[in-house]
Amino acid sequence: MVTVERISETAQSNDVIDFNEVPTADPETEARQRPPIGELLKSLRGAKTLRNVEADTGITNAYLSNIELGIKKPGVRTLVKLSSYYQVPLEHLLHVAGIEGEMPQPVDRESPMDIHRAFDFVVTDPRIAHCPKPAETLPLDVQKYIVHIYEQYTGRKLL
């Protein structure tokens, strides 16, 4: 144990400071310091791990953790994905995050690139690897349809 007699102006000359002692954080104080969007996202996540959410949304677990802890502020695109994933109105997430004025214009949420990526994920899933793959590139609407069937079957959100 290391002791110091004088460490600062606030310490008395006969105070003993134990540097091996780890200060304990009050959980209630930490919760109060967490921003409302962090609290909300953590409660929506429930028993799921950050890695589960990452696998289902494509948002890195480190970024999600930083949002929940209040280190980072989520962007509109992140909130769009999370509103779909957690099935919460986007307007509510934007309001809680304090960025309701940045409401995105209504557009198709699934870009062709997202659909192609999700379709590639589906056809490479080991559970259905034994099924024959299409020889030609399927039309985008057919790929999207297959992805939605996969989502319904597995309960996993890809788009």
Side-chain angles (χ1 to χ4, degrees), residues 20-159:
N20 294 322
E21 184 177 319
V22 178
T24 57
D26 178 16
E28 290 182 46
T29 304
E30 285 184 9
R32 274 186 257 118
Q33 293 173 349
R34 181 175 295 175
I37 189 64
E39 288 179 21
L40 176 61
L41 293 176
K42 185 166 176 58
S43 68
L44 289 172
R45 183 165 52 87
K48 292 182 181 183
T49 66
L50 290 169
R51 291 195 189 276
N52 294 139
V53 179
E54 175 183 26
D56 293 340
T57 64
I59 303 167
T60 66
N61 67 62
Y63 184 57
L64 289 166
S65 175
N66 285 338
I67 292 170
E68 287 183 5
L69 294 171
I71 297 169
K72 299 257 184 186
K73 184 177 176 181
V76 174
R77 293 183 70 199
T78 299
L79 292 176
V80 167
K81 287 182 181 181
L82 293 174
S83 77
S84 176
Y85 179 70
Y86 290 128
Q87 299 179 345
V88 174
L90 175 59
E91 297 78 18
H92 180 64
L93 291 182
L94 291 170
H95 173 73
V96 173
I99 54 176
E100 57 224 331
E102 299 180 33
M103 182 69 160
Q105 297 299 319
V107 293
D108 187 13
R109 289 186 179 179
E110 297 124 358
S111 71
M113 186 175 72
D114 289 338
I115 295 169
H116 287 303
R117 190 191 73 229
F119 179 75
D120 288 340
F121 179 85
V122 169
V123 297
T124 59
D125 186 322
R127 294 176 286 184
I128 58 173
H130 62 280
C131 298
K133 310 290 184 269
E136 299 177 15
T137 303
L138 297 174
L140 196 60
D141 60 333
V142 174
Q143 289 183 26
K144 186 175 178 178
Y145 178 73
I146 291 170
V147 169
H148 284 299
I149 291 172
Y150 179 86
E151 289 176 332
Q152 289 294 314
Y153 175 72
T154 61
R156 187 171 196 178
K157 188 80 173 141
L158 299 177
L159 291 175

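Owing to the predicted nature of the structure, the values given are computational and were not obtained by experimental measurement.
- Two residues are said to be in side-chain contact when any heavy atoms from C-beta on lie closer than 4.5 Å; Leu44 and Val88 meet this criterion.
- Contact check on Asp114 versus Arg117 returns a salt bridge, with a Lys/Arg side-chain nitrogen under 4.0 Å from an Asp/Glu carboxylate oxygen.
- Residues His95 and Glu91 fail the side-chain proximity criterion, which asks for heavy atoms closer than 4.5 Å.
- Counting all heavy atoms, side chain and backbone alike, Leu79 lies closest to Leu93 at O-CD1, 3.7 Å.
- The structure places NE2 of His92 at 5.0 Å from CG of Leu40, a figure rounded to the nearest 0.5 Å.
- Annotation: the span from Leu94 atom CG to Ile99 atom CD1 amounts to 5.0 Å, rounded to 0.5 Å.
- Under the 4.5 Å side-chain criterion, counting only non-hydrogen atoms from C-beta, Leu41 is in contact with Tyr86.
- Shown here for Thr60 and Glu54, the closest heavy-atom pair between the two residues is CA-OE2, 3.5 Å.
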message: One pair to check against side-chain contact (heavy atoms from CB on, under 4.5 Å): Val96 and Glu39. What are the steps and the verdict?
response: CA-CA 10 Å; Val96 173; Glu39 288 179 21; over 6 Å; no
Less than 3.5 Å apart, which donor and acceptor atoms pair up between the side chains of residues 152-159 and the rest of the protein, not counting sequence neighbours?
unit_1	atom_1	unit_2	atom_2	d
Thr154	OG1	Tyr150	O	2.8
Thr154	OG1	Arg156	N	3.2
Arg156	NE	Asp56	OD1	3.1
Arg156	NH2	Ala55	O	3.1
Lys157	NZ	Leu159	O	2.9

Legend entry - Derivation of the side-chain contact (heavy atoms from CB on, under 4.5 Å) call for Val142 and Phe119: CA-CA 10 Å; Val142 174; Phe119 179 75; over 6 Å; no
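- Leu64 contributes atom CG, which lies 5.5 Å from atom CD1 of Ile59 (distance to the nearest 0.5 angstrom).
- Inspection of the Lys48 and Tyr85 side chains reveals an N or O donor paired with an N or O acceptor under 3.5 Å.
- Considering only heavy atoms from C-beta on, Arg45 comes within 4.5 Å of Lys42 through its side chain.
- When atom types are taken as modelled, the side chain of Ser84 and the backbone of Lys81 share no donor-acceptor pair closer than 3.5 angstrom.
- Closest approach of Lys133 to Ile128, counting heavy atoms only: NZ-O, 3.9 Å.
- For the pair Asn61 and Val53, the minimum side-chain heavy-atom distance is 4.5 Å or more.
- Residue Gly75 comes nearest to Tyr63 through the heavy atom pair N-OH, 3.6 Å, listed as atom of the first residue, atom of the second, then distance.
- At a threshold of 4.5 Å between non-hydrogen side-chain atoms, the residues Leu50 and Glu68 count as touching.
- For Asp125 (side chain) and Val122 (main-chain N/O), no donor-acceptor pair under 3.5 Å exists by modelled atom type.
- Across all their heavy atoms, Leu138 and Ile146 have their closest contact at CD1-CD1, 3.8 Å.
- The backbone N or O of Asp120 lies less than 3.5 Å from a partner atom in the side chain of Thr124, making a donor-acceptor pair.
- Between Ile67 and Pro74, the shortest heavy-atom contact is CD1-CB, 3.7 Å.
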